[in-house]
Structure formats: C-alpha cells, structure tokens
Amino acid sequence: MGAPFWQSSPPGSIYDHIKVASFALDAEGHIEQWSARAEELLGISAAEVLGRDAVEALVPEELRADVGEKVAEILDGREWTGLLPYRRPAGSGAGGAGQPPVDGIAELYVMPTTGIGGTRGAVCLTLDAYALRRVETDLAASQAVFGQAPMGFLLFGTDLRLVRVNERVAAAFGGSVASHTGRTPRDYLPRSEAERVTAALKQVLDTGEPVTDMQILGPAPEDPQTGSTAPSAREGQPGSLRWSISLYRVHSRTGRPLGVAAVVSDITRRRRAESEAASARRNLALLNEAGARIGNSLDLETTARELLGVTVPQFCDMACVDVYQSLLDGDEGRPGLADGSAELRRVAFASAVSDAPVTAVGSTHRFDFHSPHAAALRTAQVRRVPGGDSGLVQTTLAVPLVAGDTVVGLVQFSRARGSEDFGERDAALAAQLAARAAVCIDNARLYRREHSRALILQRSLLPPGDPEAAGLDIACRYLPGNTATEVGGDWFDVIELPGHRTALVVGDVMGRGLRAAVAMGELRTAVRTLAMLDLEPAEVLAALDEIAGGLGGVSDEVYLATCVYVVYDAVTRRCTFANAGHLPPVVVEPGEPPLLLEVPAGMPLGVGGEPFEEVEVELPDGALLALYTDGLVESRDHGLDEGLEEFRKALCDPAQPLEDVCDHVLDTLYTRHGEDDIALLMARIRGLPADTVGDWLLPAEPRSVALAREHARTQLAAWQLEPLIDTTELLVSELVTNALRHGEGGRSGGGEPEIRLRLLLGRTLVCEVWDSNLVQPRRRRARDTDEGGRGLQLVSMLSKNWGSRRTHRGKTVWYELALPGSGPGAELDEEALLSAF
C-alpha cells in the first residue's frame with residue numbers, strides 16, 4: 001500500500017526530477033509572487049524581481065517585444081505555453097557574485113487568473129526544459145523496455161507483489177498487463193521454485209546485491225485457448241520450461257528502495273541445446289573410453305567386464321552380458337533355432353545399485369520367445385524393456401551383440417527407478433557400444449576356440465603323465481599360458497632307447513598359436529623318429545635343424561626352435577648332452593649346490609649351417625637333472641638371470657620325492673604370470689642293481705662263440721630265465737659270429753681286437769654285441785641256394801625287437817626278448833626257426 005494522501009511526499013519525488021517552479025503576475029504584468037523553487041531554477045532572488053515588469057526582469061532584450069505581446073494576450077484571458085530562453089544576470093543571488101551569466105531554457109505554462117473584485121492576473125508554472133526532456137526520454141525508454149522488449153520485465157514492490165509487468169509477460173502467461181498486478185511468484189511457479197524466487201527477492205531488497213542468471217523450473221504458461229496450465233515442473237517433460245531470471249533493486253533519487261525489478265528470459269531451448277550438446281560430448285567421451293578400454297584382452301569374460309566398466313554408472317545403473325552357450329562350446333552354426341530362445345550364459349554383471357537383482361555369472365538361462373529380449377536377438381535390433389517386477393528398474397535397453405552377420409549374445413543396460421528414461425540418442429549410443437564390444441567378444445571367443453584346439457593338440461603330443469625309464473625316476477609338468485596368451489610351442493619327451501638308455505628332450509618352438517603347436521608336433525615326431533635310429537645327440541639335432549628349416553613349406557615361413565637333447569645310459573650312468581640354443585640343464589649332485597651345466601648352446605634349430613657339440617658327464621646315484629623352458633625362469637617382472645638364480649635356490653633340497661621337488665619349484669617360482677607356456681622335466685639318477693647286468697669281453701677268435709653261449713647260459717640260469725636259454729644262446733651265437741666275420745672286433749687300450757657281450761635284465765632281456773666296424777648290418781632275405789645271409793633274419797623272427805647303433809669305436813647290434821609270461825617271443829619258436837632255414 002502507498003502512503004496516505006494526507007502525508008507529504010517523500011524526498012526524491014517526481015517533482016525533484018523535473019524541477020517545477022511557479023510565480024504570479026498582477027494586472028499590469030508585474031511580478032507580485034516569486035517561489036523559492038523559481039529562485040532556485042532561474043537563479044534570481046525574490047528581491048530582484050518582485051514588483052518589476054516580468055518581461056524586463058526575465059526575458060532577454062531581443063525577445064522582449066514578442067514576449068510583451070504574449071503577456072498582454074494572457075492578461076486578456078488567453079493561456080500560453082512555450083519555451084523561453086533566459087539568462088541569469090551576473091551577480092545574482094542564486095548564481096553567485098562574479099559568476100558569468102548562465103543560459104537556460106524554461107518551459108512556461110501561463111494561465112490567466114481572476115482575483116477578488118475581478119482583478120486580472122496570471123499564474124506561471126515553469127520548469128527546466130532539459131530536465132523535462134530527460135524525464136520524457138526516460139519514460140520513453142521505460143515504455144520501450146516494458147512494451148517492446150522480447151524479454152519479460154517485472155517490477156515487484158517492497159511487499160514482493162507485482163507492481164507492473166510488460167507485454168511480454170502478459171502475452172506469455174495470459175491476461176492483460178493490469179491483471180498481473182498484485183500477484184506473487186506462487187501464482188506462476190511450483191511451491192519449491194516459488195520459495196526460491198521469494199527468498200531471492202527478499203535478499204535483493206534487503207541487501208541491494210543483484211542476483212543474475214538464476215535458473216528456475218516452472219510449468220509452461222497457460223494456453224490462451226483453454227486457459228489451463230501444466231502442473232508438472234519436471235525438466236525434460238512436456239509442459240515444463242526453464243527460465244533465467246536476474247534481480248536488482250530499484251530505488252529513488254535519494255536511494256530509497258522502491259522494489260525489485262526482474263528480467264526474465266525463456267532458456268528452455270538453450271537449455272535443451274546445452275543438454276543435447278552435453279549428451280553428445282558424454283556419448284563421444286564414452287565411445288572414446290570404450291575404444292581405449294574394450295578389447296585390450298583376448299579373454300572373453302575380461303572383455304565383457306571392460307564393456308560394463310565403461311557403461312556403469314556413466315551410462316546406466318546396471319548391466320549384464322550374455323553369450324550363446326553353443327558359441328562358447330565351439331559350435332559355429334547359428335545358435336539354437338535362431339529365434340532368440342536358445343541357451344545363453346551370463347559372462348559379466350555390474351551394478352551401481354546395492355540391492356539390484358543378480359543373476360550369477362556363469363549361470364545359463366533362456367528368454368521366452370515372446371519377450372523383447374528374444375525379439376532383440378531375433379531381429380538384431382535394440383528393444384526397450386519396461387521396468388521389472390522388482391520395482392528397482394525404470395527401463396532397460398536389450399541390445400544384441402552383433403559381430404559381422406552373427407549375433408553372439410545380448411547386453412542389457414538398465415536404469416534404476418527414478419532415473420531418466422533412455423531416449424533415442426541413448427539407444428543409438430548403446431548400439432554403438434555393443435557393436436564395438438561384440439567384435440572384441442567374438443574375437444576373444446574365436447581366440448579361445450583356437451587356443452583350446454591348440455592346447456588339445458599340444459597336450460596330445462606330450463608324453464603320458466608318468467613316463468618310465470630304466471635307471472631314472474621321472475617327474476614332469478606342463479603349464480599352458482592363460483587364455484589371454486596364445487599357446488606356445490613348448491614340449492618335452494621321454495624316449496626309451498635300447499640298452500637301458502633313455503633320451504630326455506625339452507624344446508620350445510618360437511612363436512605362438514596353432515601353427516606353433518603344429519610345428520612343435522612335427523619336431524617332436526621327428527625327434528622320436530631320429531631317436532629310434534639310435535643316433536648320437538649331436539646327429540639328432542643336426543637332422544632336426546634341417547627339418548625345422550623346411551617346416552615353412554611354400555609360405556617360406558621360418559620356424560625357429562630351441563632344444564636340449566640328453567641320452568642317459570643307465571648301465572654306465574653317463575649322460576650325453578647336445579644343445580640347440582636352449583637354456584642350460586641344471587644338475588644337482590648329492591651334497592653339492594645346484595649347477596648350471598656348461599653345454600655349448602649352439603644355434604637354434606632352423607638357423608642351419610652350424611654343427612652341434614656334445615658333452616658327456618657321469619652322474620652319481622641320487623643326482624638330479626632338470627630340463628626346462630624359459631617360461632619357468634623369465635617373465636616381464638624379472639629377468640632371466642634372476643629367474644635362474646631363483647630356480648637354483650628352489651632345488652636346494654633335491655632329496656625329497658621327485659614329485660614334491662617339482663611342486664616346490666612351481667610354487668616357489670613366479671609361474672602364474674601366464675605369459676608363456678612352462679615345461680619342466682626332472683630326472684633323478686637311480687643306478688641299476690649290479691646283478692641285472694652281465695658284461696664280458698671276448699677275444700676276436702672263433703672260440704668266442706662258444707664262450708658267449710656259455711656266459712649267456714650261466715647268466716640266464718642265475719636270473720632264473722631258463723625258458724629263454726635256448727633262444728638266447730642261438731641269437732648270441734649269430735651276433736658274435738657276425739661280429740667275427742664282418743666286424744673288426746673292438747680294441748681295448750690299443751691291444752688285440754675284442755668283442756663285447758652285454759646282457760641286461762629289466763622289463764625285457766636285452767643282449768648287445770659290440771665290435772669296431774662302423775658298417776651297419778642290413779637284413780636281407782636269403783635265396784634257397786645261399787649258404788649264409790639268414791642270421792639277421794633269424795634274429796628278427798625270434799626277438800621282440802632288434803637293431804644296431806653306432807658308437808664312438810664302432811657299432812652295437814642288439815636284440816630284445818620278452819620275459820617269460822609277458823607275451824609272445826619268450827620261448828624258442830621252432831616253426832619260425834625251421835622257416836628261416
């Protein structure tokens with residue numbers, strides 16, 4: 001409410017701005033009254049003008065004639081309005097002594113008056129024309145702002161009620177300008193927003209500090225046709241607008257607060273554009289993050305978790321990834337009936353909501369044919385799924401994982417109750433994220449399939465779990481790399497050789513994957529074949545070198561491999577080593593520290609052109625021999641030297657059972673890095689009992705045939721192998737006779753030629769005859785007219801196995817008989833004997 005009409009106007013009223021003054025004229029045109037405001041405005045004191053002719057006192061000389069006529073007309077009863085220039089006289093009281101005259105223009109409104117007795121006169125109202133023009137200009141500007149501005153202007157009084165609004169506000173909210181007078185923010189805004197605005201108005205009115213760009217959310221203005229307004233004030237929903245309001249205090253010339261002015265603009269479109277721009281930036285950031293984080297691993301589950309790590313909680317509150325079980329099993333056909341209802345396995349789940357429902361990772365399930373999830377899988381299109389029965393989910397996007405033309409599974413993005421629903425832009429982003437992840441997941445799936453096949457191939461090529469060898473205890477371990485690492489070409493083998501000898505092999509094909517596993521299998525097969533030829537270790541590696549050089553075939557791809565080949569003779573306890581670029585064997589003798597055996601490393605297989613050297617070492621009973629690949633002693637976390645030193649420390653107690661020693665080594669060393677395959681082959685020397693070996697040197701004379709038969713008969717009787725005596729005597733006679741006839745005998749210490757006979761008892765009976773001739777015997781079928789040539793034929797027919805090998809001083813011819821009761825060949829086969837002759 002304004003001040004009561006009887007109260008005086010406060011300082012700073014409109015009259016102070018326009019400087020209104022008055023004076024009066026008598027019937028003769030003399031000034032008879034002079035106001036204080038006239039003295040202030042015109043700068044002339046009352047003493048200077050009272051009683052004087054108004055024209056002479058106030059009008060410049062050059063205008064007096066025209067003004068005098070106007071004064072006469074006014075005194076005759078006519079009103080007059082006009083501009084009158086004036087000059088303050090020098091030395092006037094208002095101007096101050098010594099000040100120069102000041103020019104001015106006064107706007108006059110002269111009204112004739114009639115006094116008591118009918119006397120004529122006039123009352124003159126005057127004001128500063130310049131001040132009046134300023135007020136008119138201010139009013140015009142105000143009117144332009146309130147009437148023509150595209151923004152809304154509101155003026156609140158000190159009671160925080162509207163005093164005035166402009167046409168923009170009236171047009172926006174309906175009604176005339178006058179109809180908004182007296183309203184408060186609660187008439188336009190929801191309660192919470194109205195309280196914010198009211199508090200801001202009060203603060204500005206009290207402190208004078210303006211508030212700029214205060215954003216408020218309110219309903220859309222009423223419809224001029226229906227007169228209804230939308231009660232909702234939720235941003236992004238129909239019927240809601242966002243406004244920006246700036247508030248500043250309005251006060252009089254003297255500083256008295258008159259109210260608060262508000263400038264309001266509708267920023268809904270700007271806000272929507274900003275929101276869309278922010279959403280686009282967020283989406284781009286998510287895609288960039290997805291590109292950086294998804295697919296760094298070739299592990300399928302890890303890739304799925306990387307997708308969820310990017311999207312939860314930045315994009316959604318919960319998410320899970322399901323993959324068709326048939327694809328995980330290696331089936332390359334379309335999953336199930338391709339209707340979306342085939343079995344899926346959950347491979348990843350993530351949630352930012354503590355009480356979210358969880359389907360256990362690793363569990364399998366099916367979607368109903370009529371469900372939107374199955375439809376998404378069938379059509380390879382994103383489907384929206386309304387909130388579930390739990391009441392925690394607002395909405396879900398079911399997004400198929402499509403790699404090429406194959407749907408590999410489904411990812412579900414869910415937002416919790418109360419969150420914003422997924423829009424079209426969100427669905428497009430979800431499809432992009434899923435497409436990127438699908439390719440990586442499918443790559444991981446294909447890699448897992450190849451890894452599994454390569455691992456199956458590699459394991460099938462390794463020796464059985466408990467290999468046996470004469471005079472050796474064997475323990476072995478093979479650890480493949482993890483699924484994120486391609487299968488390598490590590491292998492080991494234990495090969496029984498004639499004469500209680502054993503070949504121990506460990507190798508590593510350089511490279512990874514199925515091709516490396518195939519190359520490993522070819523080399524392992526070649527090693528076994530060469531070992532059966534009873535070649536020396538250096539000769540085996542030389543032949544392998546040539547084979548490795550030809551593994552690339554027409555592709556010219558070079559396969560390199562490292563290999564260490566060891567032959568152990570259980571009778572002499574001597575080991576012969578040959579190395580092709582592999583890590584050195586480790587030997588631990590009883591009571592001695594572990595030792596890296598110095599074997600010339602040589603070049604890797606496949607390089608070609610370099611010979612291989614051999615080293616022969618005699619090992620005592622109880623000695624431990626360890627062969628291994630680099631995955632055991634080298635990784636990204638530690639170097640080779642450090643790994644070798646740790647390996648040696650792990651072998652500090654070799655007297656434990658060999659299997660326990662293997663386990664201790666793997667537990668002590670860092671073998672869980674999964675960066676490479678690991679092969680470990682350990683053998684402990686276990687000398688043969690003395691009573692299982694018969695060894696004789698015979699002179700190179702015919703009588704040695706009879707001596708050989710006698711030694712064999714006596715030894716087999718001691719071993720209680722009487723059923724084998726006849727066969728053994730016959731075959732020993734043949735071998736010794738051949739050595740005398742075709743060989744040169746052996747020389748011991750440079751003396752006379754001699755022949756060596758050795759009988760070995762193990763799982764079979766082995767007979768060996770040594771001589772100094774390097775020519776290998778060759779079996780042939782004798783003709784009926786031939787007097788000889790049937791000896792080796794006889795040996796082949798009566799023995800279980802037979803063969804020959806070169807030695808440093810000649811050759812060894814051997815045969816093997818099965819022990820009685822262990823199978824055919826244990827006794828002399830008379831029919832076979834007769835057929836040979």
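Along the sequence shown, residues are numbered consecutively beginning with 1.
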Contacts satisfying ring-ring contact (aromatic ring centres under 6.0 Å, His included) that involve residues 28-78 (not counting sequence neighbours) are Phe23-Trp34
**Val399 and Leu410, any side-chain heavy atoms less than 4.5 Å apart** = no
Does this structure show an ion pair linking Glu40 with Arg37, if we count only N-O contacts that are shorter than 4.0 Å?
no
Counting N and O atoms only, with roles assigned by atom type, does the side chain of [X] sit under 3.5 Å from a partner on the main chain of [Y], one being a donor and the other an acceptor?
{"X": "Arg196", "Y": "Gln215", "value": "yes"}
{"X": "Thr198", "Y": "Ala194", "value": "yes"}
{"X": "Asn288", "Y": "Leu284", "value": "yes"}

When Asp53, Asp26, Leu25 are each screened for side-chain contact (heavy atoms from CB on, under 4.5 Å) with Ile31, the one that passes is Leu25
Residue set satisfying ring pair (Phe, Tyr, Trp, His ring centres under 6.0 Å) with Phe315, at least two apart, ordered chain then number -> Phe413, Phe422
Sequence-distant partners of [X], side chain to side chain contact (heavy atoms under 4.5 Å, CB included), two or more places apart:
{"X": "Thr207", "value": "Gln203, Glu209"}
{"X": "Ala292", "value": "none"}
{"X": "Ser414", "value": "Met318, Val393, Thr396"}
{"X": "Val439", "value": "Asn443"}

Residue set satisfying side chain to side chain donor-acceptor pair (under 3.5 Å) with Asp266, at least two apart, ordered chain then number -> Thr268
Review point. Any side-chain donor paired with an acceptor under 3.5 Å for Gln394 and Asp421?
Key: yes
Tell me, please, which residues at least two apart from [X] pass salt bridge (Lys or Arg N to Asp or Glu O under 4.0 Å).
{"X": "Arg186", "result": "Glu195"}
{"X": "Arg78", "result": "Glu73"}
{"X": "Asp76", "result": "none"}

side-chain hydrogen bond (donor to acceptor under 3.5 Å, both in side chains) pairs touching residues 107-120, sequence neighbours excluded, are Glu79-Tyr109, Glu107-Arg133
Please tabulate, one pair per line, all N/O donor-acceptor pairs under 3.5 Å involving side-chain atoms of residues 424-436, not counting sequence neighbours.
unit_1 : atom_1 : unit_2 : atom_2 : d
Asp426 : OD1    : Arg282 : NH2    : 3.1
Asp426 : OD2    : Arg415 : NH1    : 3.4
Asp426 : OD2    : Gly423 : N      : 3.0
Arg436 : NH1    : Leu287 : O      : 2.8

